[in-house]
Amino acid sequence: MRQLAAIVLMMLMTAFAVSCGGDEDSELVIMTHDSFNIGAELISQFEAEHDATVVLQSAGDAGEALVRAILEKGNPSADLLYGIDNTYLGRALDEEIFDEYRPDLLDEVPAQFVLDDSGHVTSIAYGYVNLNYDKQYLMDHGLTPPSTLEELTEADWKGRLVVEDPASSSPGLAFLISTVSYFGEDDDYDYLDFWRDLRANDVLVKDGWTAAYYTDFSQYGGDRPLVVSYATSPAAEFLFSETPVEVPPTGNILIDKASFLQIEGMGVLKGANSKDLAKKFIDFALGRSFQEDFPEKMFVYPVNRNASIPDSFRFAEVPSQPSDIGALEIGEKREKWIQDWTEVVLR
Amino acid sequence: MPALEVVGVSKWFGAVPAVREVSLMAEHGDLVCLLGPSGCGKSTLLRLVAGLEKLDAGSVRFDGMRQEIVAPHMRGFGLMFQDLALFPHMDVLGNVSFGLRMQRQSNDAVQKRVEGLLELVGLEGYGTRKVYELSGGERQRVALARSLAPSPKLLMLDEPLGSLDRVLRESLQGQVRSIIKEVGVTAIYVTHDKDEAFAIADEIVFMDRGSVVQAGAPEALFRAPATELVARTLGMRNILAGRLEQAEGIARVRCAIGTLAVGEPIPAGVLLGGDVLVLIDERALTVVPAQDGPVPVGALAGVVATRAFRGGESELCVRVGAGELVCAVAQRDAGADVAPGDDVTVILPPNAVRLLR
Amino acid sequence: MIASRLLVIGPVTFLAAFFLYPLGAILGRSFGGEVLSLDPFGVVLGDSYYLGRIWFTMWQAAVSTVLTLVVGLPAAYLFARHDFPGKTVLMALTTLPFIMPTIVVAMGFVALLGPQGLINTALTGLFGAEAPQVRVTNTLTIIFMAHAFYNYSIVVRIVSAFWSNLSPLFGESAAMLGAGRIRTFTHVTLPLLLPSLWSSAVLVFVFSFTSFGVVLILGGPRFATLEVGIYELTVKLFRLEVAGALALVQLVFTYVFLLVYTRLQAQSAVPITFVPEEESKRGKRGFRDVVVIVAITGVLLVVLSPLLALVERALSSGGGYSLVHFTGLFSDDSGSYFRLSPQAVIWNSLRFALASMAIALVVGTAAAYVIARRGRGRSGVVDALFMAPLGVSAVTLGFGFLVAFNRAPIDLRGSWLILVIAHSLVAYPFVIRSVLPVLRGMPPHLKESAALLGAAPLSIFIHIELPIIGRALLVGAMFAFAVSMGEFGASLLLVRPEFTTIPVAIFRLLSQPGESNLGQALAMSTLLMVVVAMGFVAIERFRYRNVGGF
């Protein structure tokens with residue numbers, strides 16, 4: 001019996017981690033969504049420069065991180081939150097979870113990439129959500145990529161498109177918003193009609209990007225050659241191919257007004273312990289070294305106009321005319337759009 | 001002071017009274033048998049003494065100390081179940097030594113005592129055997145050794161031999177008694193089998209439907225059973241309804257087989273002309289083939305109805321008068337030669353006839 | 001006396017502090033702290049969409065449960081009644097599906113049954129271009145298959161553990177009374193197995209009922225369950241009060257169902273003759289037995305085939321086979337802050353799993369004891385209460401943990417304890433379900449004999465009950481270990497990167513496109529399978545004072 005107790009005790013002790021939490025005064029805690037990625041060197045650099053410890057904590061996806069921050073309002077467990085994008089900005093501002101801060105380097109950010117005029121959320125990165133296609137599949141079936149969204153409702157593309165549920169997926173929502181932008185809401189043929197036709201044309205809806213991309217996209221064993229993804233995805237395919245390739249196996253479908261510009265940023269949480277340090281980090285995040293490090297990790301673009309863009313991004317074409325619905329409007333109408341969409345497509 | 005004193009103990013299960021105001025006593029070293037038909041409450045009484053059930057009324061004392069407030073595992077009593085309940089995950093040593101380990105005895109003391117007990121029950125060297133490898137009789141003895149090991153003040157056994165075959169049971173009965181006597185522990189033994197009770201008990205407490213019907217030494221019960229049930233259970237075959245015809249001098253009683261002389265004193269409270277039960281000891285009868293001439297005094301005429309071979313004796317069922325008499329005759333007697341249908345004379349010595357209220 | 005008081009207080013305190021408190025905290029926040037208005041409930045119950053989801057959730061769980069039982073029984077029989085070389089490894093393999101992250105399982109199914117999967121490729125190869133193709137992805141069929149795949153090890157483990165302790169005398173008596181093998185099975189064996197069947201059935205049902213990832217990834221939002229609705233309402237639509245209402249509805253449904261089940265189970269438990277394992281194995285092996293073993297093993301391998309497909313994919317690269325994804329995993333030079341070496345990640349998973357297993361074993365066994373002690377009639381409510389954590393939405397509870405444990409009186413901010421406790425909460429019901437039927441089936445005379453030999457209630461528990469429930473404890477331990485390694489929905493609670501566990505590392509790899517990302521994710525999944533299988537084998541072999549052998 002004593003043996004058993006000893007074993008149990010040992011098990012508990014082996015699990016005991018290093019004492020949690022360092023010295024609170026010079027510790028900076030940053031809450032991020034789980035797609036966030038940055039080089040360890042950069043963090044060490046910041047730590048050395050400011051004689052502090054930086055802790056990056058993943059808090060689920062962007063929506064979950066935001067909910068968490070809202071639930072912790074006033075007594076946040078972090079100093080900074082990274083991951084607010086233009087679809088969530090409205091709610092973040094309404095819940096007043098951020099302090100205002102305008103870093104100097106904002107001057108280096110082109111106006112179109114400024115997320116929040118009120119100065120609570122500072123843009124750090126941006127990207128585009130649009131359709132990707134499987135080159136091999138199209139070639140095998142004698143298809144060319146569609147040049148308008150309407151084409152997707154035609155026979156050629158029946159059962160060949162997979163999208164994500166806007167209620168649960170960020171790119172899914174982005175694509176939905178771009179259809180709102182493209183077709184409009186009150187026209188004869190509005191976005192809901194489009195989606196009705198898509199449904200009739202056997203569109204597949206998946207709950208998240210990972211499921212859609214890795215189980216239904218024909219590139220990875222599914223039977224759908226068109227998928228809603230990021231403009232940078234082909235660049236990632238190029239970089240992460242198993243054997244070196246000249247061009248990526250997937251490409252972008254860039255239709256005017258059908259690509260969604262997604263900007264994400266970070267803000268200082270109200271009630272944070274290390275406010276000054278937090279502000280310094282935002283400055284740091286807008287600096288060139290930070291901005292040039294994350295593109296090939298997160299596959300998003302740096303907002304700082306002076307930051308150079310990696311070579312692999314030549315396969316990530318930039319759409320000439322992304323959809324143009326502002327964050328405020330999104331904040332207001334988003335729930336209605338999602339509900340209407342759900343009604344039309346899923347029920 | 002008696003070792004065990006049970007006074008006015010009652011127990012209800014819902015509306016059903018399982019034990020009704022039972023009182024009994026056992027002196028130190030006594031081996032008391034609780035005998036009775038199934039459902040008479042003897043096992044429940046045992047469980048009450050053990051503390052496995054709560055008393056609804058009455059008290060249980062041991063060496064003068066009330067036991068109701070003492071938890072079962074603190075009473076120092078031992079209990080052996082009919083299904084033995086040997087611990088399946090331990091070997092023989094583990095089982096037998098369990099009580100000693102609970103007493104926190106040293107390994108050496110435990111070892112010694114277990115060896116001694118195994119020797120006592122005739123299972124030397126069985127320590128490492130697994131329980132499921134043992135035969136029925138061997139398991140019985142392990143269970144006995146286990147209950148004796150912690151030197152209980154009182155040992156209770158609930159039909160411990162009930163699941164064994166007759167031969168084994170009979171051979172173990174004697175052994176169980178001698179082991180218990182050798183150890184000297186006070187014991188309560190529950191059984192429904194009269195032969196077992198006779199073989200084992202110093203005193204028998206007969207129970208029926210929750211109450212004590214009669215208590216006393218086996219001979220006393222046998223000689224003067226208090227009720228018909230007791231008489232039947234103790235194996236008497238001839239119990240007849242009768243009426244007392246003569247009380248002066250030699251008593252006479254009339255029953256279905258005739259008017260009989262009664263040898264034993266009339267039980268108190270039986271009046272002339274009153275109803276009694278007549279017990280006739282089947283082994284005290286002599287059966288001879290009928291001879292010419294009148295039936296002698298103290299004998300009755302009858303016809304053999306059936307004959308059953310019983311090994312050392314035969315059991316004759318003889319129609320006498322308006323009733324039947326069962327006679328057990330030894331093989332070597334003259335009556336052994338009679339067959340069904342024969343006329344016979346049954347000789348009834350007066351001391352073969354007893355009366356019961 | 002004090003010890004047995006503790007035995008009762010322990011699990012109750014655990015439940016109150018780590019389940020009721022956070023649940024109350026998040027529901028309090030959700031309903032805005034006002035007097036509980038019924039509006040959100042009206043929204044939920046009045047809307048045919050939600051009602052439809054509730055209905056769908058229930059019947060698909062029921063069908064999944066039946067299917068899983070049917071698939072699991074033959075394997076349970078195999079492990080209960082037969083011994084053969086490689087048995088321990090096979091048993092470990094059959095429990096693997098349980099721990100795999102849903103996205104990985106989905107990929108395995110696609111790799112096997114997808115449009116370009118192994119089966120379709122084989123069919124085309126054999127029969128040419130016009131070959132029939134298997135089309136099950138994104139249908140209800142694959143959801144049932146996935147549920148059976150995930151959960152059948154629950155049936156196998158719990159039922160076989162119980163079965164292996166059942167005395168063969170029952171079957172033999174039936175044979176002597178003229179019953180053929182099938183009749184013996186249906187009339188004698190099956191009814192005796194009832195407690196364990198109920199136990200596993202309820203677990204499978206609850207898991208299928210609260211299923212999230214599997215249903216979604218393999219089927220898509222059309223097959224959404226309640227759990228998905230709660231997620232959307234909380235995270236995407238930020239309508240906490242409706243989410244809270246839905247979570248309560250889900251909890252009430254589960255609780256009522258659990259109540260019914262616990263009543264039924266209590267009544268079906270009869271004292272049974274338990275024998276040590278060795279005694280219950282079939283004697284010499286005839287030809288028929290060999291056939292049975294081979295056949296059932298074959299079925300098992302079929303069930304495991306999605307995992308095999310995964311491993312195949314992890315090993316293939318550029319048309320052939322190689323270890324490049326594995327080496328890539330160990331030599332990642334991107335310099336990412338979040339990058340942890342595979343060894344560190346594996347070690348994290350392992351130590352958290354061991355800790356939660358320890359907690360789950362202690363709490364679960366104590367809880368089972370408390371339930372058994374209350375007797376048949378009155379234990380249902382308590383039993384269902386202890387099982388309740390399984391039925392509550394992971395999203396709701398997860399946020400509840402965040403809200404409740406980020407401040408006094410229990411401040412676990414930044415600590416790995418939150419994670420371990422969350423895992424134990426989901427794990428300990430397994431221990432209860434595994435141990436309870438055995439506790440109840442123990443003949444009362446065993447404990448009474450022990451009492452009359454001087455054993456106080458705690459000694460009885462330690463010396464008599466505990467060893468006899470040994471095998472059931474091992475099963476419970478195994479599931480606790482598995483639950484933690486598979487990490488059900490705890491990514492929300494992950495606090496620091498240095499605590500990254502295997503499923504989190506896999507998700508991270510899959511959040512970016514790219515063949516080598518996929519390859520490495522699959523390599524990591526393979527490592528997960530290997531580590532867990534080894535863990536199972538180790539636990540299986542653990543024989544403490546004959547604990548495992550009984």
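Letters go in sequence order (proteins before strands), and every chain restarts at 1.
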Asks: Partners of A/Asp293 by side chain to side chain contact (heavy atoms under 4.5 Å, CB included), sequence neighbours excluded?
Replies: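 A/Asp293: side chain to side chain contact (heavy atoms under 4.5 Å, CB included) contacts with A/Ile38, A/Leu42, A/Lys297.
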Asks: Under 4.5 Å from any heavy atom of chain A, what part of C/Arg339 do you find: side chain, backbone, both or neither?
Replies: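 No part of C/Arg339 comes within 4.5 Å of chain A.
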Asks: Counting heavy-atom pairs under 4.5 Å with chain C, which one of A/Met298, A/Met31, A/Glu164 comes out on top?
Replies: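 Ranked by heavy-atom pairs under 4.5 Å with chain C, first place is A/Met298.
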Asks: Would you say that more than 12 heavy atoms from the other residues, nucleotides or ligands in this model lie under 6.0 Å from the CD of A/Gln45, or not?
Replies: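 For A/Gln45, atom CD is crowded (more than 12 foreign heavy atoms under 6.0 Å).
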Asks: Do you know which of A/Asp223, A/Thr232, A/Thr87 has the most heavy-atom pairs with chain C at a distance under 4.5 angstrom?
Replies: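 With the most close heavy-atom pairs to chain C, the winner is A/Asp223.
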Asks: Which region of C/Val324, side chain (C-beta onward) or backbone (N, CA, C, O), has a non-hydrogen atom less than 4.5 Å from a non-hydrogen atom of chain A, or is it both or neither?
Replies: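 Contact with chain A: none, neither part.
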Asks: When you look at A/Asp34 and C/Phe507, which way does the side-chain contact (heavy atoms from CB on, under 4.5 Å) test go after all the steps?
Replies: CA-CA 9 Å; A/Asp34 44 26; C/Phe507 294 149; over 6 Å; no
Asks: Are the side chains of C/Phe338 and A/Ser58 in contact, using a 4.5 Å heavy-atom criterion?
Replies: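 Yes, their side chains come closer than 4.5 Å.
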Asks: For C/Ser516 and A/Phe240, indicate whether the former's side chain and the latter's backbone hold a donor-acceptor pair under 3.5 Å.
Replies: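 Side chain of C/Ser516 to backbone of A/Phe240, a donor-acceptor pair under 3.5 Å: yes, one is there.
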Asks: Please list, chain by chain and in numerical order, all residues satisfying side-chain hydrogen bond (donor to acceptor under 3.5 Å, both in side chains) with A/Ser77, sequence neighbours excluded.
Replies: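 A/Glu72.
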Asks: Check whether A/Phe36 gets within reach of chain C through its side chain, its backbone, both or neither, counting any heavy atom under 4.5 Å.
Replies: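 Contact with chain C is through both the backbone and side chain of A/Phe36.
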Asks: Looking at every non-hydrogen atom in both residues, tell me the closest pair between C/Pro513 and A/Glu237 and how far apart they are.
Replies: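 In terms of heavy atoms, the two residues are closest at CB-OE2, 3.7 Å.
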Asks: At a heavy-atom separation under 4.5 Å, does A/Leu173 approach chain C through its side chain, its backbone, both, or neither?
Replies: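 Contact with chain C: none, neither part.
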Asks: Which one, A/Ala211, A/Ala167, A/Ala236, leads in non-hydrogen pairs under 4.5 Å with chain C?
Replies: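 Going by pairs under 4.5 Å, I would pick A/Ala167.
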Asks: What part of C/Ser316 is in contact with chain A, defined as an atom under 4.5 angstrom from a non-hydrogen atom: side chain, backbone, both or neither?
Replies: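 Only the backbone of C/Ser316 comes within 4.5 Å of chain A.
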Asks: Among A/Gly221, A/Ala62, A/Gly39, which residue forms the greatest number of heavy-atom pairs with chain C at distances under 4.5 Å?
Replies: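 Counting heavy-atom pairs under 4.5 Å, the top option is A/Gly221.
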Asks: What part of C/Leu233 lies closer than 4.5 angstrom to a heavy atom of chain A: side chain, backbone, both or neither?
Replies: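 For C/Leu233, no heavy atom lies under 4.5 Å from chain A.
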Asks: Under 4.5 Å heavy-atom distance to chain C, tell me which part of A/Tyr214 shows up: side chain, backbone, both or neither.
Replies: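 Contact with chain C is through both the backbone and side chain of A/Tyr214.
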Asks: Can you find a pair of side-chain heavy atoms, one from A/Leu71 and one from C/Leu402, that are under 4.5 Å apart?
Replies: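 A/Leu71 vs C/Leu402: side chains apart.
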Asks: Counting C-beta onward and ignoring hydrogens, is there a side-chain heavy-atom pair between C/Ser511 and A/Phe299 closer than 4.5 Å?
Replies: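 When only atoms from C-beta onward are counted, A/Phe299 and C/Ser511 do not touch, as no gap falls below 4.5 Å.
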Asks: Would you mind checking which part of A/Val345 comes under 4.5 Å of any heavy atom in chain C, side chain (CB onward), backbone (N, CA, C, O), both or neither?
Replies: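 When you check distances to chain C, no heavy atom of A/Val345 falls under 4.5 Å.
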Asks: Hey, does the side chain of A/Tyr220 reach the backbone of C/Glu515 with a donor-acceptor pair shorter than 3.5 angstrom?
Replies: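 Yes, A/Tyr220 side chain to C/Glu515 backbone: donor-acceptor pair under 3.5 Å.
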Asks: Can you tell if the side chain of C/Tyr337 reaches within under 4.5 Å of the side chain of A/Asn37, non-hydrogen atoms only?
Replies: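 A side-chain contact under 4.5 Å is absent here.
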Asks: Any idea which heavy atoms bring A/Ile70 and C/Arg29 closest together, and the distance?
Replies: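 In terms of heavy atoms, the two residues are closest at O-NH2, 3.6 Å.
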Asks: Between A/Ser35 and C/Arg508, is any side-chain donor less than 3.5 angstrom from a side-chain acceptor?
Replies: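 Note: A/Ser35 and C/Arg508 side chains miss the donor-acceptor criterion.
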Asks: Under a 4.5 Å heavy-atom cut-off, does chain A meet the side chain of C/Leu350, its backbone, both or neither?
Replies: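 When you check distances to chain A, no heavy atom of C/Leu350 falls under 4.5 Å.
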Asks: Which answer fits A/Asp216, side chain, backbone, both or neither, if we ask what part of it has an atom under 4.5 Å from a heavy atom of chain C?
Replies: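 The side chain, not the backbone.
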